[in-house]
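In what follows, a structure is listed as structure tokens, so that the remarks can point back to it.
Counting starts at 1 for both ligands and their atoms, in listed order. Hydrogens, waters and symmetry mates play no part in the numbers below; they use all other heavy atoms, side chains included.
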Amino acid sequence: MTIQEELQATIRELVQPGKGVLAADESHPTIAKRFKAIGVESTEAMRQEYRSIIFSAPGLGEHISGVILFEETLEQQNLDGVPMPELLAGQDIVPGIKVDQGKGPLAHAPNEEVTFGLDGLEARLSAAKELGARFAKWRCVFHITESLPSELAIGANAETLARYAAICQSLGIVPIVEPEVLIDGAHSIERSAEVGEQVIRGVFDTLNLHRVNLETMILKPSMITPGKESPKASPEQVAEMTIRTYRRCVPAAVPAIFFLSGGQTPEEATANLNAMNQYADLPWTMSFSYGRALQEPAQHAWAGELANRGAAHQAMARRARLNGSAALGSYAPEMEQEG
Ligand code: 13P
């Protein structure tokens, strides 16, 4: 297979009707925060136990086409000694890898951040590919205030996303490009739309400059919602604003938009995605690449006890199934009451 054929094959496997991606790539500090919320200490053994459990939920592959892993997990085996990428492949799930190395202050841009990890990226991606990773993820973060994000922060972060995406494609790895506009704040949905458009325009300008092939990448943006300290918008409003915004700035050549959940509750994230999939003639497949909104119920069901494995499987499979329905536009809130 040529590199181009390899990229196309991975896109075909990731972008399927009624399927989305599970983001299980929390860095050590982030997973420690999630575990703390359920009273569990984050040790390597506990992370292995938890992730082994969620990845082996029966039927997961019916609704999940890919899982994003943190580098530690890519090298781990499950509780029965099966390498994690093999465990996922057994469920028809494509393994992927988070390759950014977190974020920190952007010089001369007060209160803004830039993502790290370009140094040595090619070697890390090649090593991850050897271990089975076929796609990757890189996340940049933008804060909304009255005056932010600045052009400087948009430009600097877009440059990292574009260089990352180009390196991925040169190695036959599909890049998931994640410019996250944070939900924090009391801004309106209109302000969120304004910033969303500005950020995504900046990102695609830079992707084009770096000759990133749009047909073999996936965009992972935030939905357009009001800030979390503002009154919530209905799924219909979120869908309308999100689609209007991204129609203006996401080229139709991009095969799929897989949203992050960004602090929405599991039910909100599902209802919002479902409302988007009520629209006909969308230029892209619209699905999910959720972390918290997919995993929260499974984390609570597990609660650090192997004996709760069955309940955790059920919770994981259930959220995957509901989001799979939302990706087809066939979810209804009443389905939350079903077993
Ligand atoms: P959330 O869905 O919890 O926002 O996580 C998605 C993700 O991959 C963040 O980088």
Side-chain angles (χ1 to χ4, degrees), residues 14 20-38 50-51 54-55 63-74 93-103 113-117 133 135-144 157 160-161 164-165 174-185 192 196 199 203 217-225 227-228 238 242 256-273 276 286-300 315-316 319-320 322-324 326-327:
L14 287 175
V21 163
L22 164 63
D25 59 331
E26 299 84 359
S27 62
H28 291 330
T30 304
I31 196 74
K33 198 156 71 175
R34 307 277 180 262
F35 278 10
K36 194 163 177 232
I38 50 167
Y50 167 66
R51 286 169 171 152
I54 59 168
F55 298 163
H63 312 288
I64 300 291
S65 57
V67 171
I68 317 172
L69 302 170
F70 188 62
E71 54 198 14
E72 172 188 86
T73 321
L74 188 67
I93 294 173
V94 183
I97 178 84
K98 167 197 173 78
V99 288
D100 67 72
Q101 294 182 315
K103 55 193 173 50
E113 295 173 294
V114 69
T115 297
F116 306 131
F135 71 99
K137 179 191 110 171
W138 181 285
R139 172 177 180 251
C140 289
V141 166
F142 302 93
H143 302 262
I144 299 188
N157 279 295
T160 69
L161 280 168
Y164 140 82
V174 166
I176 293 196
V177 170
E178 182 179 0
E180 175 169 3
V181 177
L182 294 173
I183 201 172
D184 302 337
S192 167
V199 165
V203 168
M217 61 160 275
I218 290 172
L219 180 69
K220 174 167 173 164
S222 309
M223 292 183 196
I224 304 295
T225 66
K228 84 173 175 220
V238 172
T242 304
I257 298 182
F258 283 4
F259 292 97
L260 58 97
S261 62
Q264 297 180 34
T265 65
E267 293 78 11
E268 281 165 8
T270 308
N272 288 339
L273 177 64
M276 290 194 234
M286 287 189 135
S287 192
F288 58 90
S289 175
Y290 297 159
R292 283 162 284 180
L294 272 170
Q295 293 186 61
E296 247 169 41
Q299 279 164 3
H300 282 93
M316 187 66 240
R319 221 56 247 162
L322 292 169
N323 283 301

In terms of side-chain geometry, is the basic nitrogen of D100 or K137 positioned less than 4.0 Å from the acidic oxygen of its partner?
no
Presence of salt bridge, E26 and R51, under 4.0 angstrom: yes
May I ask you to list the atoms of ligand 1 that are less than 4.0 angstrom from any heavy atom of [X]?
{"X": "K220", "value": "6 (C), 7 (C), 8 (O)"}
{"X": "G262", "value": "1 (P), 2 (O), 4 (O)"}
{"X": "S261", "value": "1 (P), 2 (O), 3 (O), 4 (O)"}
{"X": "A23", "value": "8 (O)"}

Shortest non-hydrogen pair, S287 vs A327, comes out as OG-CB, 3.6 Å
> Using a distance-only test with no angle check, is there a side-chain donor-acceptor pair under 3.5 angstrom linking Y290 and E296?
Replying inline: no
The answer for which part of R292 has a heavy atom under 4.0 Å from ligand 1 is both
Polar side-chain atom of [X] near backbone of [Y] as donor-acceptor pair, under 3.5 Å:
{"X": "T242", "Y": "I224", "result": "yes"}
{"X": "S289", "Y": "F258", "result": "no"}
{"X": "T265", "Y": "E268", "result": "yes"}

closest protein heavy atom to atom 10 (O) of ligand 1 is K137 NZ, 2.5 Å
Nearest non-hydrogen protein atom to atom 9 (C) of ligand 1, with distance, is E178 OE2, 3.2 Å
inquiry  = Counting only nitrogen or oxygen atoms and a 3.5 angstrom limit, does G291 reach ligand 1?
reply    = yes
- Message: With nothing but distance in play, are any N or O atoms of Y290 less than 3.5 Å from an N or O of ligand 1?
- Response: no
